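Remarks on the structure that follows.
Counting starts at 1 for both ligands and their atoms, following the listed order. These numbers come from the heavy atoms of this one structure, side chains and all, not from hydrogens, waters or symmetry mates. Bear in mind the structure is a predicted one, so any value in this text is a computation, not a measurement.
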Amino acid sequence: PYLVPVVILIVGPATWVEKFPEARGTRQSPVDIVTSRASSGGSAPPLVWRYSVNHPRSVVNPGYCWRVDENGYDSELRGGPLGSDVYKLQQWHCHWGSVNGEGSEHTVDGRAFSGELHLVHWNTSKYNSFTEAAGQPDGLAVLGVLLMVGSKHDELDKVVRLLPYIQHKGDKVTFSEPLNPANLLPKRIAYWTYPGSLTTPPCTESVTWILFKEPVQVSAEQVRLNLCYYVNGKNV
Ligand SMILES: CC[C@H](C)CCC(=O)Nc1ccc(S(N)(=O)=O)cc1
Ligand SMILES: [Zn+2]
């Protein structure tokens, strides 16, 4: 019998280590949260945040999800695991991933959720820019919100309804409708926290992850709209 040439094509995270050495690091995200192994928060101070509401925002399709840029408008995240530093919201984005609706990045006791919202903040007490902070171990703090199918999310809909206008990578649409990012967070603010990394290249180990325990509900239609416009980074 003739030899069948076997070509093993490695794509995705397995290849990231070649170009991004950070991806081989010791604090890589996402992770599976094993709830039985999580220690109780002890005497950590409360996590507090404040976001500006009435400023224009732009939604952009970076090719792998959608991202809302805060355009430098004022905001603050402090307390919890963040010591005495004050962090500022840079951008927020969503991961929806594969078609079967298991698109979250973090899993909880092995369970994936339909999606995951990330609010990316940087340490303005210690660094002068987001890019500088993104290279430092205490440079970034990301609030993670697990999304599950349930009732429609009105605040998130202010972005989801714009997705048909940014179907291609690089597309961008600006909206001035008031929006409070705090309304994207769950009612109960219990969270898990761990030192981790950016979940996509360059996978820099500069993120203090703060993942809320309570999922937030979005409608099946909102998930469908998100899945329609990018599945695994491809516009469909
Ligand atoms: C040079 C600075 C920075 C790499 C520029 C690009 C960037 O912001 N990337 C990024 C941000 C957040 C996440 S996640 N998904 O929240 O962990 C993943 C990647
Ligand atoms: Zn993310």
Next on the checklist: Distance alone, cut at 3.5 Å: any donor-acceptor contact between the side chains of Gln136 and Ser206?
Outcome noted: no
Item to check | Under 2.8 Å: N/O/S of Cys65 next to the Zn ion (ligand 2) | outcome: no
Item to check | Electrostatic pair Arg57-Glu70, nearest N-O below 4.0 angstrom | outcome: yes
Next on the checklist: At less than 2.8 Å, would any N/O/S atom of His93, backbone or side chain, sit next to the Zn ion (ligand 2)?
Outcome noted: yes
Next on the checklist: What verdict does the side-chain contact (heavy atoms from CB on, under 4.5 Å) test give for Glu116 and Leu211, after you've listed the backbone C-alpha separation in whole Å, the side-chain angles of each residue and the deciding distance to 0.1 Å?
Outcome noted: CA-CA 10 Å; Glu116 191 170 329; Leu211 182 68; 4.0 Å; yes
Item to check | Residue of the set Asn61, Asn226, Asp171 for which side chain to side chain donor-acceptor pair (under 3.5 Å) holds with Trp66 | outcome: Asn226
Identify the protein atoms, limited to N or O, that lie within less than 3.5 Å of an N or O atom of ligand 1, and list each pair with its distance to 0.1 Å.
residue  : atom   : partner : partner atom : Å
ligand 1 : 15 (N) : His93   : NE2          : 3.3
ligand 1 : 15 (N) : His95   : NE2          : 3.2
ligand 1 : 15 (N) : His118  : ND1          : 3.4
ligand 1 : 15 (N) : Thr199  : OG1          : 2.8
ligand 1 : 16 (O) : His93   : NE2          : 3.4
ligand 1 : 17 (O) : Thr199  : N            : 2.9

Checklist entry - For Tyr87, does its backbone N or O pair with a side-chain atom of Glu76 as donor and acceptor, under 3.5 Å? => result no
Checklist entry - Which word best sums up how the rings of His118 and His106 line up, parallel for under 30°, tilted for 30 to 60°, or perpendicular for over 60°? => result perpendicular
Item to check | Parallel, tilted or perpendicular: rings of Trp209 and Tyr194 (30°, 60°) | outcome: parallel
Checklist outcome for this item: The N/O/S atom of His95 lying closest to the Zn ion (ligand 2) is NE2
Checklist entry - How far apart are the C-alpha atoms of Asp157 and Val218, what are their side-chain angles, what is the distance that settles it, and do they pass the side-chain contact (heavy atoms from CB on, under 4.5 Å) test? => result CA-CA 9 Å; Asp157 212 53; Val218 296; over 6 Å; no
Item to check | Atom of His118 nearest the Zn ion (ligand 2) (restricted to N/O/S, atom name only) | outcome: ND1
